[in-house]
Number of protein chains: 2
Amino acid sequence: MGSVLSQKTFPRLDESLLTHMPPFSRLEKNQIRTILDQATSRRYEAGAAIFEEGLPAERFYMLLDGYVRVVRITPTGEQVTALHIPAGQLLGIARALGRDTYPATAISASEAIVLSWPMRLWDSYVADYDGFATETYKTVGHRVGEMNNRIVELATQQVEQRVANALLRLINQTGRKVSDGIEIDFPITRQDLSELTATTLHTVSRLLSGWEKQGLVESKRKRIKVRDPHALVVLAQT
Amino acid sequence: MGSVLSQKTFPRLDESLLTHMPPFSRLEKNQIRTILDQATSRRYEAGAAIFEEGLPAERFYMLLDGYVRVVRITPTGEQVTALHIPAGQLLGIARALGRDTYPATAISASEAIVLSWPMRLWDSYVADYDGFATETYKTVGHRVGEMNNRIVELATQQVEQRVANALLRLINQTGRKVSDGIEIDFPITRQDLSELTATTLHTVSRLLSGWEKQGLVESKRKRIKVRDPHALVVLAQT
DNA sequence: TTGGAAGTTTGTGCTGGCTCAAAGACCCGG
DNA sequence: CCGGGTCTTTGAGCCAGCACAAACTTCCAA
């Protein structure tokens, strides 16, 4: 399942880490210095849990590098991925939702570098730092929108369309252009995709094989490259 | 489709309307007076749209009486109900999500009485009124939780379980105890239920007929009474 | 009271995607 | 270079739930 590889405060975190992250981008250099000095940095290996559903929300996090899956576990043990979070976003912000426990579990999809702060600092950040609250609520709003879309998708679309959409979302969020297409730049298994789209890994596998034959995608183990995004868009809307 | 029946400010709204609604419950009487004097009250008949997806969020609303369905329309014209909102909650609070358009359409499920304020007052309410922001974010948090649950439900459960769950949620939110069970106290059609559970009205109809034969529920046109909630809970978890 | 609209029930087939099953490909440690 | 773990592919059969269709009930307006 993976575990924490290191937990320490690096000698000195560089201000440039945060200057371009929306919730902090309007701040002065010395403010960022203060915030960084209050942060703990930590590295998680792929598959490690950053925080878990239901536990007291003691810290909030900023994902500096990597990708995180936000999942919930059903009573019968199935995992459902509610959301993918790319680098540069806050997570575990239970406080912004008036909650004191985490509403879901966050799992790093690849190796991840994360800053975190004790939740008691949350209110003072909101009070003291211009734009922090606003930007945070934009993030929340954006995620609500995403969730809404997922509900509509699950409710009305066929499996093939859902998988196509999931792929498109992933390359938008985390795609890296390569010579002959766009590659998802973190390891993703058929199983992961099936959890994102509420189907089985078998069906995902069949679909990808089919698309590969048509030249839409190319995939190796844990790697997917989309060669013809436009065709996928068409598929997704059919 | 229904239309607005009346739009006017009543001679004088009574303070007691708001004193027990969470976002306002911590306020002084004269504060509530001010807020009420800034409000417009309006009645919508069943099926009328209070606001619509994508339009500029010019006002925010408090549902005083009635029930509201929050729906999204797919490109192909199907409706999907994302959420049900009971009386006593704010709605159309795009601002709290950092948005300037409404993310979904709100339709009154029964006759509804609604107060509304111009969105430009939002920031001052947040700034001036103790607890307003906090309570609002709790509402948002709660809705995020609900949406999460719906995603998990859609992703993992069978139609029968989803319909059972939807019924249970409805009686929890809006149930009224009667002699031999709990009745959903606003008009709801099979069609509505099918939109809530992402299935067809046919399937819902069959399920309800079946349950009626087993004595679990009783239903007439637009009315559903649950006689044995516990059995439904069991069904929902099977 | 009558006609129409809205909502509901029920039947009959069909099929998308699931389950079950088994084997093949790749990856890493020893 | 072998062996076990992880990931992927493919096949076969089946069934829950959908599409389509038609009749019935209730409500309401004229």
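Each chain gets a letter, A, B and so on, in the order the sequences are listed, and its residues count up from 1.
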Whole-Å gap separating [atom2] ([N]) and [atom1] ([X]):
X	N	atom1	atom2	value
Glu160(A)	dT15(C)	CD	C1'	15 Å
Asp192(A)	dT6(D)	CG	P	14 Å
Glu218(B)	dT8(C)	CD	P	16 Å
Ile188(A)	dT6(D)	CD1	P	19 Å
Arg206(A)	dC20(C)	CZ	C1'	11 Å
Leu201(B)	dT10(C)	CG	P	13 Å

Check: dT9(D) base within 3.5 Å donor-acceptor of Arg190(A) side chain: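 Result: no qualifying N/O pair found.
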base_contact_polar (dT10(D) base, His202(A) side chain, donor-acceptor, <3.5 Å):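 Side chain to base: pair present.
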Parallel, tilted or perpendicular, as decided by the 30° and 60° cut-offs, for the rings of Trp117(A) and Phe60(A): parallel
Parallel, tilted or perpendicular: ring planes of Tyr61(A) versus Tyr102(A), cut at 30 and 60 degrees: tilted
Any [X] side-chain N or O less than 4.0 Å from OP1/OP2 of [N]:
X	N	value
Thr203(B)	dC18(D)	yes
Lys220(B)	dT26(D)	no
Thr189(B)	dG7(C)	no

Does [X] reach a base, just sugar-phosphate, or nothing at all? Heavy atoms under 4.0 Å.
X	value
Gln158(B)	sugar-phosphate
Leu208(A)	nothing
Ser205(A)	base

Side chains of Ser116(B) and Arg59(B), donor plus acceptor under 3.5 Å: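 Yes, Arg59(B) and Ser116(B) have a side-chain donor paired with an acceptor closer than 3.5 Å.
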Closest nucleotide among dC18(C), dC18(D), dT6(D) to the Thr200(B) side chain: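 Selected nucleotide: dC18(D).
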Options dT10(D), dC18(D), dC18(C), nucleotide nearest the side-chain atoms of Thr199(B):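 The closest nucleotide is dC18(D).
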Side-chain (Ser205(A)) to main-chain (Leu201(A)) donor-acceptor, under 3.5 angstrom: no
Pairing of Lys225(B) and Glu212(B) as salt bridge, 4.0 angstrom limit: no
